[in-house]
Protein chains: 2
Amino acid sequence: MVTIKDVAKKAGVSISTVSRVINNSKPVSNEIRQRVLKVIKETGYVPNPLARSLVTKKSQLIGVIVPDISDFFMGELLNGIEEVGKIYDYDILLCNSYGEPDEELKYINLLKSKQVAGIIFVSWKMEKRHVEAIESGNIPAVYISKNAKDFDIYSVSIDNFKASYEMTKYLIENGHKKIAFIKSSVQDSIMDSDRFKGYKKALEENNIKLEETLIKEGDSTSESGHYLMNEIFEFKNIPDAVFAANDEVAVGVINCILDNGYKVPEDISVAGFNDIKLASLYRPSLTTIKQPIYDMGAVSIRMIVKMINEEEIGDKNIYLPYKLIERQSVSKK
Amino acid sequence: MVTIKDVAKKAGVSISTVSRVINNSKPVSNEIRQRVLKVIKETGYVPNPLARSLVTKKSQLIGVIVPDISDFFMGELLNGIEEVGKIYDYDILLCNSYGEPDEELKYINLLKSKQVAGIIFVSWKMEKRHVEAIESGNIPAVYISKNAKDFDIYSVSIDNFKASYEMTKYLIENGHKKIAFIKSSVQDSIMDSDRFKGYKKALEENNIKLEETLIKEGDSTSESGHYLMNEIFEFKNIPDAVFAANDEVAVGVINCILDNGYKVPEDISVAGFNDIKLASLYRPSLTTIKQPIYDMGAVSIRMIVKMINEEEIGDKNIYLPYKLIERQSVSKK
DNA sequence: TTGTACGCGTTATCAC
DNA sequence: GTGATAACGCGTACAA
């Protein structure tokens with residue numbers, strides 16, 4: 001491996017000079033600059049990021065902690081993070097926490113010891129100790145989590161309350177009165193409450209009373225959706241629409257409805273949340289709330305970069321626009 | 001940040017001694033060991049991985065280059081890599097190449113300069129220059145690619161020829177004679193040939209002649225599947241079954257068939273390849289070849305670790321077992 | 001068994 | 001504008 005020393009020697013200058021040309025840190029006479037550049041090209045010299053980080057105390061690594069890599073949501077999010085990160089020359093150190101708080105904490109400390117330039121923390125549900133661990137490191141961080149707004153931190157999300165309210169209203173306006181709501185309990189947090197609150201408000205405004213037997217909660221998998229929908233069927237209190245906490249759950253719900261001999265959306269309508277790739281692929285295609293997942297990733301890392309460069313950031317909590325996507329899974333009036 | 005020096009001073013020993021206890025590299029008297037350990041605990045000292053890598057020339061980082069993070073396949077693969085990596089204390093440096101050869105090459109060099117302990121290179125289609133770039137670095141590497149076996153390298157895959165042969169045979173045995181085949185051209189490589197060859201052999205054995213108008217190729221997205229299936233429809237030479245290069249394509253194919261007013265599998269059967277999560281979620285659920293994606297990731301990183309530790313590895317090319325999964329998208333006799 | 005001193009490849013602080 | 005040289009935090013021959 002060719003080092004700065006080799007380049008210096010071959011160019012007949014000191015390593016300081018070489019350092020200056022590669023970093024543009026101080027003026028160097030044009031003649032020497034060209035000579036050094038030439039040698040660099042010839043030798044194929046690449047600065048050692050490790051040595052560099054060791055002295056500057058900064059790496060070009062952004063640590064990203066996610067609860068589940070194979071979750072459709074994370075893939076798109078990571079895409080956004082990666083793509084924008086590349087623009088600013090940052091690489092991604094990926095950590096899969098399996099949504100376990102202890103793992104999350106372990107990774108936070110690991111990332112700190114690796115002196116990452118920033119952390120993007122994606123979590124189903126954050127705890128105080130996580131925030132404290134990150135913030136104490138004095139390292140730029142952005143949070144993507146259902147309950148991020150409980151803390152005084154930088155976060156990226158959408159307005160879940162409003163989105164949920166709109167979707168519920170949409171269902172009602174299209175003639176649905178008996179609307180089941182399925183939330184994911186791993187997210188028995190503010191944000192789920194937000195979505196639930198939006199649902200509740202829409203019902204209230206339309207004088208529809210909440211039915212306990214139509215409110216279910218499980219985790220955020222399709223299996224869970226299938227299971228919970230079955231419970232609803234067993235109760236014989238059949239809804240004419242189901243609003244699921246996320247698209248995977250929604251698909252599980254639809255499959256269950258189909259398995260029970262009903263049709264979607266003719267007999268029962270189903271709405272999802274997130275608009276992951278699956279939502280448009282699945283048939284019937286899912287009416288859902290489109291979260292700008294890719295953008296959320298992109299914005300997160302952009303914020304980190306700004307923090308690193310000490311640029312001005314507006315609000316600590318960024319709310320991105322969402323959109324109600326009408327597809328086939330909800331029948332229209 | 002507390003360093004090895006601080007620990008040494010506080011414990012009243014030299015830094016070498018501290019280094020020895022944390023690395024177990026040389027004998028240290030029990031008394032001193034305990035004292036050092038105690039100080040480490042008290043101070044919460046964590047060795048700086050950067051400084052460590054700088055001197056040992058080895059990091060605890062495994063670089064993973066994938067062509068598309070949001071691809072369902074990659075998510076599951078990364079899961080396997082991450083989980084096993086964690087066991088051996090390796091972290092994942094994630095690179096998204098977008099399947100572009102130049103990007104791939106750039107990342108390979110980046111990873112080398114970061115002195116990663118190993119590289120897992122996932123690619124739609126590898127070129128000689130990629131292999132050369134990696135192998136010249138003398139760094140452990142495992143390849144997951146359609147055409148990995150063209151090179152003398154470590155790779156993990158399944159026997160695509162046999163799998164494809166079996167699926168085609170299965171279709172034929174269930175009464176299908178006009179079987180379309182859709183490959184993904186980004187993979188116009190050996191492996192696709194392998195799958196294509198398997199398809200061809202099965203047809204030959206059953207005296208079915210190959211029909212050019214039923215062979216299509218595009219990329220590996222559902223959009224591509226939809227588009228190609230449309231082309232087949234336009235040709236008015238309707239098949240009674242379609243064998244798609246992968247599940248996403250298969251879903252696109254089915255959606256197209258549905259859009260054209262046909263039923264799956266009653267009118268046309270569709271088989272996929274890979275068995276990603278989507279395959280069982282989608283309705284009709286996909287009959288497909290189950291690749292052990294998670295295991296492929298797990299095995300890959302396990303191989304890397306073995307290479308790092310200079311343990312014995314058996315074959316250079318690992319073939320994992322696959323399985324034909326019967327679901328709803330193919331009608332049975 | 002323990003400590004000293006050097007080197008890993010860079011950047012940064014001085015002098016010149 | 002340029003060049004020594006001290007750091008960064010750690011591992012490890014070499015001495016003791």
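All heavy atoms count here, side chains included; hydrogens, waters and symmetry mates do not. Numbers restart at 1 for each chain; the letters A, B, ... are given by sequence-line order, proteins then strands. These figures come from a predicted structure and were not determined experimentally.
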Discussion item. Heavy atoms only, 4.0 Å cut-off, all strands: where does A:V46 land among base, sugar-phosphate and nothing?
Written reply: sugar-phosphate

Fill in: Atom-to-atom span, CG of B:L50 to C1' of C:dT10 - whole angstrom
11 Å

Worksheet item: Does a salt bridge link A:D102 with A:R129, judged by any charged N lying under 4.0 Å from a carboxylate O?
Response: yes

Discussion item. Here's a test for you: under side-chain contact (heavy atoms from CB on, under 4.5 Å), which of B:I65, B:I139, B:L61 qualifies with B:L111?
Written reply: B:I65

Worksheet item: Are the side chains of A:Y88 and A:I308 in touch, meaning some heavy atoms are under 4.5 Å apart?
Response: no

Discussion item. Is it true that, when you exclude B:K316 itself, more than 12 heavy atoms of the residues, nucleotides or ligands shown sit nearer than 6.0 Å to its NZ?
Written reply: yes

Worksheet item: Got a second to check how far B:D152's CG is from B:E135's CD, nearest 0.5 Å?
Response: 8.0 Å

Worksheet item: Would you say B:N309 has more than 12 foreign heavy atoms packed within less than 6.0 Å of its CG?
Response: yes

Discussion item. Using a 4.0 Å cut-off on heavy atoms, which residues in residues 18-32 of chain A reach DNA chain D? List them by number, or say none.
Written reply: A:R20, A:P27, A:V28, A:S29, A:I32

Worksheet item: Going by number, which of residues 53-62 of chain A have a non-hydrogen atom under 4.0 Å from DNA chain D?
Response: A:L54, A:V55, A:K57

Practice prompt. On DNA chain C, check which nucleotide each of A:R52 and B:R33 is closest to and give me the residue with the more 5' one.
Written response: B:R33

Discussion item. Report for the helix from C:dT1-D:dA16 to C:dC16-D:dG1: angle between first-end and last-end helix axes, five pairs each, rounded to 10 degrees.
Written reply: 40°

Item to complete: To the nearest Å, give me how far apart CG (B:N48) and P (D:dC8) are.
Response: 12 Å

Worksheet item: Given atom NZ of B:K9 and atom P of D:dC10, what is their separation to the nearest angstrom?
Response: 14 Å

Worksheet item: How is A:P49 classified with respect to the nucleic acid when contacts are heavy atoms under 4.0 Å: base, sugar-phosphate, or nothing?
Response: nothing

Worksheet item: B:T221: what forms a side chain to side chain contact (heavy atoms under 4.5 Å, CB included) with it, not counting sequence neighbours?
Response: B:D219, B:E223, B:S224

Discussion item. Rounding to an integer number of Å, can you tell me how far B:I4 CD1 sits from D:dC8 C1'?
Written reply: 13 Å

Discussion item. Could you work out, with ring pair (Phe, Tyr, Trp, His ring centres under 6.0 Å) as the rule, every residue matching A:Y143, not counting sequence neighbours?
Written reply: none

Atom pairs and distances, donor-acceptor, side-chain atoms in residues 33-40 of chain A, under 3.5 Å, two or more places apart:
{"residue": "A:R33", "atom": "NH2", "partner": "A:N24", "partner atom": "OD1", "Å": "3.0"}
{"residue": "A:Q34", "atom": "NE2", "partner": "A:N30", "partner atom": "OD1", "Å": "3.1"}
{"residue": "A:R35", "atom": "NH1", "partner": "A:A11", "partner atom": "O", "Å": "3.0"}

Worksheet item: Is the closest basic N to carboxylate O distance between B:K86 and B:E83 below 4.0 Å?
Response: no

Discussion item. Which is more 5' along DNA chain C, the nucleotide nearest A:T3 or the one nearest B:T17? Just name the residue.
Written reply: B:T17

Worksheet, complete the sentence: When rounded to whole Å, the CG to P distance for the pair A:D6 and C:dG7 reads 15 Å

Worksheet item: How about A:K149 and A:S157: do any of their side-chain heavy atoms sit closer than 4.5 Å?
Response: no

Item to complete: Could you check how far CZ of B:R35 sits from C1' of C:dT2, rounded to whole Å?
Response: 11 Å

Item to complete: Considering just the side-chain nitrogens and oxygens of B:S14, establish if one lies under 4.0 Å of OP1 or OP2 belonging to C:dG3.
Response: yes

Worksheet item: Has A:E311 got more than 12 heavy atoms of other residues, nucleotides or ligands less than 6.0 Å from its CD?
Response: yes

Worksheet item: Which whole-number value in Å describes the distance from B:K5 NZ to D:dC10 P?
Response: 10 Å

Worksheet item: Roughly how many Å is it from NZ in B:K114 to P in C:dG9, rounded to a whole number?
Response: 16 Å

